[in-house]
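Heads up, the thing below is written out as structure tokens.
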Amino acid sequence: MSAISYLEAIREGMTEEMRRDEKVFVMGEDVGVYGGAFKVTKGMIGEFGPQRIMDTPISESAIIGVGIGAAIQGFRPICEMQFADFVTSGFNQIVNNAATFYWRQGVKTPMVIRNPSGGNIHGGPFHSSNPEPWFFRTPGLKVVAPATAYDAKGLMKSAVRDDNVVLYFENKYLYRRIKEELPPEDYIVPIGEAKLARDGNEAVIITYGAPVHDSIQVCGEMSKEEGVEVAVLDLRSLMPFDKGKILTIVKSTNRVLIAHEHQLTGGIGGELAAFINENAFEYLDAPVMRVAAKDIPVPFSPPLEEYFLPTRDKIKAKLIELLSY
Amino acid sequence: MSAISYLEAIREGMTEEMRRDEKVFVMGEDVGVYGGAFKVTKGMIGEFGPQRIMDTPISESAIIGVGIGAAIQGFRPICEMQFADFVTSGFNQIVNNAATFYWRQGVKTPMVIRNPSGGNIHGGPFHSSNPEPWFFRTPGLKVVAPATAYDAKGLMKSAVRDDNVVLYFENKYLYRRIKEELPPEDYIVPIGEAKLARDGNEAVIITYGAPVHDSIQVCGEMSKEEGVEVAVLDLRSLMPFDKGKILTIVKSTNRVLIAHEHQLTGGIGGELAAFINENAFEYLDAPVMRVAAKDIPVPFSPPLEEYFLPTRDKIKAKLIELLSY
Amino acid sequence: MAVKKAGKERIKFIIEDREYFDLNDKKKIDLYYYMQVCRKAEEQIIRLYRQGKIVGGVFTGRGLEAITIGSAYALEERDGLFPIHRDMGAHFVKGQTLKTFFAQYLGRANTSSRGRDGNLHLGMPEKHIYGTISHLGAMIPVAVGYAMGAKMRGEDSVALSFIGDGGSNIGDFHEGLNFAAVHKLGFILVIENNQYAYSTPTQEQYAADYLADRAIGYGMHGEVVYGNNVMAVYEAVGKAVVRARKGEGPSLIEARSMRVRGHSEHDDAFYVPKELLQEWVKRDPIENYEKYLLRKKIITKVKIEKMIREIEAEIREATEYAEQSPFPEPEDCMRDLFA
Amino acid sequence: MAVKKAGKERIKFIIEDREYFDLNDKKKIDLYYYMQVCRKAEEQIIRLYRQGKIVGGVFTGRGLEAITIGSAYALEERDGLFPIHRDMGAHFVKGQTLKTFFAQYLGRANTSSRGRDGNLHLGMPEKHIYGTISHLGAMIPVAVGYAMGAKMRGEDSVALSFIGDGGSNIGDFHEGLNFAAVHKLGFILVIENNQYAYSTPTQEQYAADYLADRAIGYGMHGEVVYGNNVMAVYEAVGKAVVRARKGEGPSLIEARSMRVRGHSEHDDAFYVPKELLQEWVKRDPIENYEKYLLRKKIITKVKIEKMIREIEAEIREATEYAEQSPFPEPEDCMRDLFA
Ligand SMILES: Cc1ncc(C[n+]2csc(CCOP(=O)(O)OP(=O)(O)O)c2C)c(N)n1
Ligand SMILES: Cc1ncc(C[n+]2csc(CCOP(=O)(O)OP(=O)(O)O)c2C)c(N)n1
Ligand SMILES: [Mg+2]
Ligand SMILES: [Mg+2]
């Protein structure tokens, strides 16, 4: 058994589910012979053929809408957005059609929408964004965002098996940068469960996606440098988010830093902070603090993007501020 | 001088700006001879003609996109969405094109996008929504949401004069239900300034739109019944929101209830709560509490919609909970 | 080289006296029956609306019955129907009951949407009727996907949807039709060209001679029919269904008619020229079809009267049923956000 | 009645020996010059990319120079240009400088986007060049609005934009063109049909014979040209500009060509059949045009060599300028979110 990358884990998750259930299929731009812009579906057409690894016209709204229709017919489409940024072109189908069909008509529309997202690749404003907050606030959608290969595979499997619409945010920066040995047997990561990525008692960083790794590293440094142990809670699922685990760790650490790669204002961190404030107010020794991207579109040129992103340095600085409050 | 309705105030705002500046024009579905689905633009075509009160095909994305192009040419379009719900069909143009043009290319795109929004009219999930949180979190957009005729007019004028993209959320329920005498002279309400709609010292309800009126009424009742004076801060502008006024009133009341008509989770209240928590932690005698719509689409049948909305009863109950914390 | 298009007047606004596809007398009477059911049911809705009993606004398909009924009559039970806001006629053909119809308009609990979705967003999944969302055009890609699902399962069922002259100008129309054409799916889109989109006349919605010509740009079959001749509509859609089942791909059928009432019941349609309205009131699809059936001796006056009495009785009964049906429990709307 | 369409083969893939609109020898040499500038500049970009100096990916318009340059050459300064990802040729004609071009690709501060927007999202507002966003089709309605603004001001300036065979299938294509046709706006859309959209061949993007046929469904002028003949492209767009200025409405021009490199520089285009590629490499728009100019004695070998030397010198100079240009200050990106 050898280690596989985050990207390969996504592919394995899809492949195994497609073997298990013939109703599962993939559709998107260039997913077939080409294997997708990031090669996530590479080789899959060889095993499953063009009917189940289906290239589509450049029509994000139709990709989602057709996916809904196929789901009504009992299929389980995995719709790929070439970049998460383009999900805005299918926005209406997601938030009004897909999100509501079951609630308003009792019609199930199981589907996964894959969104390669995130920055740090010099993609500029339209190839680097993290659009999950728009969906996080939309009733009827589930939202997941794995940070490790293990979770990428396990959450993909859960998403495919889920009878609802699951927005799957995969972080492009992590694709080939992290590797892990995965269990040989079938496993899933349940949607809605956070994971304690690092234990600690002086504070907790609640985060997901790429900043999970930065946070763990920062906490390691803080442990060495200052002797403080800070926990890292990897949400993994954003909607529903794991209220139980959040409150437990908050109540035992009493100091909370929320870190996310998308912009600060109106981000998911706001909701988490409000939730923690409402439900664990008496336990807080300091205000819930947040570190996030700046409130501008993702800039292109390296010095700007570095300035924009919630880098390790910024996480560390904010953590020190929190600990010294 | 006689009182005019909220709806008439919007029309007056547009009309006066169109008289003042020939670059201002209105475009949207059925805004011309028909005067708009809600008759907000009624009669305006008589004064300004079909070139400046322009009917469009049913193409929300083009309405916004064409508006951007006209703005590049020095015009100041006011684009009407027939219902705010349909803004999702123009979502991509707003969040990626309109919101970023100036920042990324130095090209100004002054425009107003009017969104008749809100529930309590038995319109069902797609004629009753409050989509402002999606835009609130999108860098590059200004967002306003007046609750009174005075502010409706004054904010319309500011929005038209602003060199940026302003999303103007007008509450349909208020259209003909509230009236006010307005000053005869030209006035504006600056974007970014909240207004103390009611003074008080025991707590503050921070809100905007229709719940402003419910909040004021609830506070009146509480004053009579319990002798407590609770302030109501009407945000009026959501982006930028008035950080100064918020912190001032929070620091003098020490208890905060946020009320908004859209769904709780991922709503604007989350950001406000997080912001208050971050910046006035030591002043809080209770957690920042929120009252909002339920986390489902807006239901159609009256008993369901009543259950869904943050009604006066619910605001009052939450306020009592806050005061007795 | 510049593109060419076919000449201008492509249809006659009369019920031509000829054979129509596979229509026999029984089917012709069926079509008449459904048109009367739809007309009478919608008249009842208007009555209830005036009595303040309807939740929400009221849109009807008056004058468009030939389109919605002629189209849906070409479907089998297993085919998917994706009706929009003027397509109650199609519902009834496909198996929507008068009881669920009235219950829905009164906001009651006993419909597939349990009072959650707007009155005309009625569905009936067990009959493969999928309730629309309000956003025009949004159901087109979904119906295309339904057709794709059928193909993937190796079945020959088709999907049918509708769109207006106004709604045809939204992006999803384009993306959906193009997708269907590329994959040669069994999808049929009927354009209800009723000359107005709310207050906006067609020349402010599009500049083409015929919306059906958009089919050329997608590489699919396109066709124009007289929308007030139920047999012609049935024929065009029926043939489209045959092609679809054979795997010959999608069809775009433009049915020309006129909206003879306001956009919805609160709209007096002051913006519609009186002469235009009069002309089309005279072309009423039911009255003229009735004349045709009588003239051809397919039906008798007596039979018609009996039929109408039965329909009216059924409508009364369904209305009572609906009025006695419970409103949903408030908390019920919190259930089933997720499956 | 079913709709009709015109026959199949509508263009010849050769540079025909005939008059082209108002092209005289000077203009013909101009066209050649810009094509060489574009070709050489993009070759330099590829060199810099291989040296790891470029920020972001690299997309080129190689083989499409006749389309982008022939089109933009029909514009005046006041006309709006809305180029997309393969249209550097159009930029140069419209006044984009080699210096700003290279500075942009190196992520430097001294361009209209100050390092904020992606390399090919270059603009130059003072020359009425508006940098695209990535979302395909999104600039179409914007360009239509630019044309509408011109009309509202009583001016006759026009707007030109491009779209690919793939991008033509996105909703904004439909909404934008329909809007332009209804309002008879001075908008010209050139479809760069280069047979592939990333890895996807045209038959998986659309099923129509010609994308230009979509013009019929909008009621506008549609036309197909050989995209590797710069004069034919210029002629079609030039005439469209004349019509646009006269208020005769928009045009949709499909230029047929081939993408002779990968989608971007990281793509070796393994999915493109070798023969197809060879066929089109032989049809290189610059080489064949050069032969035409030499054969017609419009230019000489000597003049060409001198021209190329000058271009290459200018490119070297611009590259140096760009490499010496500063990166933006980090905090600069926080400015000007609002005007
Ligand atoms: C995307 C979208 N925009 C606007 C509306 C509001 N609206 C509802 S019906 C209608 C007019 C529709 O006209 P048409 O498509 O011709 O259908 P008709 O009502 O004439 O049958 C409009 C503008 C909508 N439902 N969806
Ligand atoms: C809405 C949207 N979806 C997907 C993409 C990703 N993408 C960029 S270029 C491209 C292929 C474009 O093909 P085509 O339109 O034919 O233009 P070409 O590159 O061949 O010139 C794709 C899929 C995008 N930019 N925008
Ligand atoms: Mg219509
Ligand atoms: Mg292409």
Side-chain angles (χ1 to χ4, degrees), chain B residues 27-39 41-42 45 50 54-63 65 81-93 121-129 263 265 293-309 311, chain C residues 54-57 104 106-109 111 113-121 132-138 163-174 196-202 204-207 262-264 266-267 269-271 326-338:
Chain B
M27 65 192 287
E29 295 154 13
D30 308 292
V31 295
V33 169
Y34 194 70
F38 296 99
K39 303 289 181 188
T41 56
K42 189 177 167 186
I45 196 171
M54 189 187 296
D55 279 340
T56 66
I58 300 175
S59 308
E60 277 74 11
S61 188
I63 293 171
M81 299 287 103
Q82 197 158 80
F83 283 76
D85 310 68
F86 304 135
V87 77
T88 51
S89 302
F91 192 72
N92 188 47
Q93 284 292 347
I121 55 152
H122 312 320
F126 309 111
H127 283 76
S128 310
S129 71
Q263 291 88 345
T265 301
K294 299 272 192 296
D295 285 332
I296 52 170
V298 190
F300 169 66
S301 190
L304 304 183
E305 190 175 15
E306 164 88 13
Y307 184 80
F308 165 84
L309 285 171
T311 53
Chain C
I54 299 292
V55 183
Q104 173 84 5
L106 298 180
R108 304 307 158 110
T111 70
S113 106
R114 291 145 70 189
R116 295 162 179 206
D117 203 350
N119 54 33
L120 56 82
H121 296 186
T132 190
I133 65 168
S134 296
H135 299 69
L136 293 167
I163 194 74
D165 42 287
S168 296
N169 305 305
I170 197 105
D172 272 350
F173 171 97
H174 182 67
Y196 279 85
Y198 210 147
S199 72
T200 308
T202 44
E204 291 182 35
Q205 287 288 349
Y206 64 87
H263 175 62
S264 69
H266 73 266
D267 169 22
F270 68 88
Y271 46 81
F327 278 101
E329 290 300 317
E331 326 74 68
D332 179 63
C333 62
M334 298 307 292
R335 288 182 207 117
D336 307 317
L337 182 62
F338 293 108

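- Closest non-hydrogen pair, C:Tyr271 versus B:Val33, comes out as CB-CG1, 4.3 Å.
- C:Phe327 and B:Pro302 make their closest contact through CE2-CD, 4.4 Å (heavy atoms, listed as atom of the first residue, atom of the second, distance).
- C:Leu337 and B:Pro297 make their closest contact through CD1-CD, 3.8 Å (heavy atoms, listed as atom of the first residue, atom of the second, distance).
- For the options C:Asp332, C:Thr200, C:Leu106, heavy-atom pairs under 4.5 Å to chain B are most numerous at C:Thr200.
- Taking the six-membered ring where tryptophan is involved, the planes of B:Tyr34 and C:Phe270 are essentially parallel, since the angle between them stays under 30° and well short of 60°.
- B:Ser61 OG to C:Asn169 CG: the interatomic distance, rounded to the nearest 0.5 Å, is 13.0 Å.
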Using a 3.5 Å cut-off and no angle test, enumerate the donor-acceptor pairs between side-chain atoms of residues 121-128 of chain B and protein atoms at least two apart in sequence or in another chain.
from	atom 1	to	atom 2	distance (Å)
B:His122	ND1	B:Glu305	OE1	3.0
B:His127	ND1	C:Ser134	OG	3.2
B:Ser128	OG	B:Gly124	N	3.3
B:Ser128	OG	B:Gly124	O	2.8

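- When heavy atoms are compared at a cutoff of 4.5 Å, C:Ile133 approaches chain B by way of both its backbone and its side chain.
- Here B:Phe308 contributes atom CZ and C:Met334 contributes atom CE; the two are 9.0 Å apart, rounded to the nearest 0.5 Å.
- Looking at B:Asp295, only its backbone comes within 4.5 Å of chain C, counting heavy atoms on both sides.
- Of the inter-residue distances, the one linking B:Thr56 atom OG1 with C:Glu204 atom CD reads 9.5 Å to the nearest 0.5 angstrom.
- When atom types are taken as modelled, the side chain of B:Asp30 and the backbone of C:Ser199 share a donor-acceptor pair closer than 3.5 angstrom.
- For B:Thr41, the side-chain hydrogen bond (donor to acceptor under 3.5 Å, both in side chains) criterion is met by no residue, not counting sequence neighbours.
- Nearest heavy-atom pair across C:Pro328 and B:Pro303 is O-CG, 3.8 Å.
- The candidate with the highest count of non-hydrogen atom pairs below 4.5 Å against chain B, out of C:His135, C:Arg116, C:His121, is C:His135.
- Contacts between C:Asp267 and chain B at a heavy-atom distance below 4.5 Å involve backbone atoms as well as side-chain atoms.
- Between chain B and the residues C:Asp165, C:Leu136, C:Asn119, the largest count of heavy-atom pairs under 4.5 Å involves C:Asn119.
- To the nearest 0.5 angstrom, C:Glu329 atom CD is 11.0 Å from B:Ser301 atom OG.
- Nearest heavy-atom pair across B:Leu304 and C:Cys333 is CD2-CB, 4.0 Å.
- Of the atoms belonging to B:Ala62, not a single heavy atom falls under 4.5 Å from chain C.
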